[in-house]
Amino acid sequence: MQPPQHVTFRAFAGASDFPAMVACANASFAADQTRFFRTVEDVARDYAAFTQCVPQQDVWIAQAGDEIAGYVRAWHWAQADGLQLYGQFAVVAPRWRRQGIGARLHAWLEARQREMAAALGQAGPHAHHAFVTEGETARAALLEKAGYRPERYFFTMGRPTLQAIADFALPAGLEVRAVQPGHYRAIWDAHARAFHAHWGYAPPDEADYQRWLASPVFQPHLWQVAWDVRMNEVAGQVRTYIDTTWNAGNGRQRGWTEFISVGERWRRRGLARALIARSLRAQADAGMQESGLGVDSENASGALRVYTDCGFVVEQRNCVFRKPLELGTPGRGA
């Protein structure tokens, strides 16, 4: 299906595009019940911090009069095992769907990612990568038609109240310390070490660390970080945060029990449960009424059981789709 003639396709023009992009994205999010919600300020901050995406080259927009009907964005990163991945963000506002716009944007996106792979100059392997939430059924269908296959499922879990929080004790020899600026690097490095064997792990670099320090989820007053007293090392952490934009857009008072990790030598001693319980109480003290988190459905460390024990239930089943990226195929078609 060819898009309507009055719909044109163009590159990203700069910050002047942000209001229409946000309107398009939020309409798409609402139609698909993703619960995502963005503001112009959010998008401006994110676009200013990109390191693996040049918006003027890696964003493609479907323009319909004064309205943005849809847009896509491409970026690149590498897993620790050497797999080169090419991520994608894609939205089409609901009233512009089923008119060929999504397919046209996707064709451009894949062609751009082939250009990115060719410019990288590495033999591979390479793969297109898309994270799709449970409600994005139209997008999932488009990807499957284009040859993508489900690679991994992830759950969004929620704890509907912050009442009756279990009192899991910290293991002996560990203590939770108030986070100080001098702790930031140790906390960051400990989390990276704890995740190095997890599916999809990509080693963070200095740019990632600096971006983390300036990110809206950087809320150390809410974090629960346990230290091994004898070794003076970070044993485990829960980097709790409150997303006021999400709460305003969804009419909720939810905190997020996220960035949960326990170092290998301190596992299977109840530390994760103890830190999660402390995190939930901190969220309640901050005025939250519920909590959420995300988890790999095939997490090998027993995370699902831990989260269930702490009162969380599955709310959404989301999927990572991938497709091998073949070098040497034709360039952009849009």
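In this structure, D189 contributes its side chain and A186 its backbone to no donor-acceptor pair below 3.5 Å. Side-chain atoms of Q219 come within 3.5 Å of backbone atoms of I242 as a donor-acceptor pair (strictly under, hydrogens ignored). E258 places a side-chain N or O within donor-acceptor distance of the main-chain N or O of G294, the cut-off being under 3.5 Å. Side chain of D58 to backbone of R73: no donor-acceptor contact under 3.5 angstrom is found. D32 contributes no side-chain N or O that, together with a main-chain N or O of T137, makes up a donor-acceptor pair within less than 3.5 Å. Formation of a donor-acceptor pair under 3.5 Å by the S279 side chain with backbone atoms of T240 is not found in this model.
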Review point. Do H198 and Y201 pass the ring-ring contact (aromatic ring centres under 6.0 Å, His included) test, and can you show the C-alpha distance, the side-chain angles, and the key distance before you say yes or no?
Key: CA-CA 6 Å; H198 284 228; Y201 175 71; 8.4 Å; no
Point to revise | Criterion side chain to side chain donor-acceptor pair (under 3.5 Å) on R97 and S28, from CA distance to verdict | key: CA-CA 10 Å; R97 295 180 179 180; S28 179; 2.9 Å; yes
Point to revise | Audit row: D228, W266, side chain to side chain donor-acceptor pair (under 3.5 Å) steps and yes/no | key: CA-CA 9 Å; D228 185 303; W266 297 282; 2.9 Å; yes
Check your understanding: Should T156 and N318 be marked as a side chain to side chain donor-acceptor pair (under 3.5 Å) after you check the CA-CA gap, both sets of side-chain angles, and the distance that decides it?
Key -> CA-CA 8 Å; T156 301; N318 311 312; 3.1 Å; yes
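Taking a cutoff of 4.0 Å between a charged side-chain nitrogen and a carboxylate oxygen, R185 and E206 qualify as a salt bridge. The pair E264-R267 does not meet the salt-bridge criterion, since no charged nitrogen lies less than 4.0 angstrom from a carboxylate oxygen. No salt bridge links E233 with R193; every basic N to acidic carboxylate O contact stays at or beyond 4.0 Å.
With contacts defined as side-chain heavy-atom distances shorter than 4.5 Å, the pair L222/M288 does not qualify. Under the 4.5 Å side-chain criterion, counting only non-hydrogen atoms from C-beta, S291 is in contact with L162. Residues F155 and R317 form a side-chain contact, since some pair of their non-hydrogen atoms from C-beta on lies under 4.5 Å apart. In this structure, F154 and R152 have side chains that are in contact, with non-hydrogen atoms separated by less than 4.5 Å. Side-chain contact between Q88 and H106: present, with at least one pair of heavy atoms (C-beta onward) separated by less than 4.5 Å. When side chains are defined from C-beta on, E298 does not count as touching W199, because their heavy atoms never get closer than 4.5 Å. Contact annotation: the side chain of R112 never approaches that of W60 to less than 4.5 Å [non-hydrogen atoms, C-beta and beyond]. Side-chain contact between C310 and F168 is present, with at least one heavy-atom pair separated by less than 4.5 Å.
More than 12 heavy atoms of other residues, nucleotides or ligands shown are found within 6.0 angstrom of NE2 on H6. The environment of Q33 atom CD is sparse: at most 12 non-hydrogen atoms of other residues, nucleotides or ligands sit within 6.0 angstrom.
Side-chain N/O atoms of N247 and T244 include no donor and acceptor closer than 3.5 Å. Side-chain contact of T257 with Q283: a donor-acceptor pair under 3.5 Å is present, judged by distance alone. Residues S261 and R239 bring no donor and acceptor atom of their side chains to less than 3.5 Å of each other.
Judged by the 6.0 Å and 45° rule, R254 forms a cation-pi pair with W256.
The side-chain contact (heavy atoms from CB on, under 4.5 Å) test with V262 is passed by exactly one of L271, V238, V306: L271.
Other cluster members for V225: V179, Y184, I187, W188, Y209, W212, L213, F218, W223, W227, V234, joined by side-chain heavy-atom distances under 4.5 Å among Ile, Leu, Val, Met, Phe, Trp and Tyr. With side-chain heavy atoms closer than 4.5 Å counting as contact, directly or through intermediates, the hydrophobic cluster containing V40 also holds F12, F18, M21, V22, F29, F36, V43, Y47, F50, V59, I61, I68, Y71, W75, W77, L83, L85, F89, V91.
When hydrophobic clusters are built by joining Ile, Leu, Val, Met, Phe, Trp and Tyr residues whose side-chain heavy atoms come closer than 4.5 Å, directly or via intermediates, L105 is not grouped with L143.
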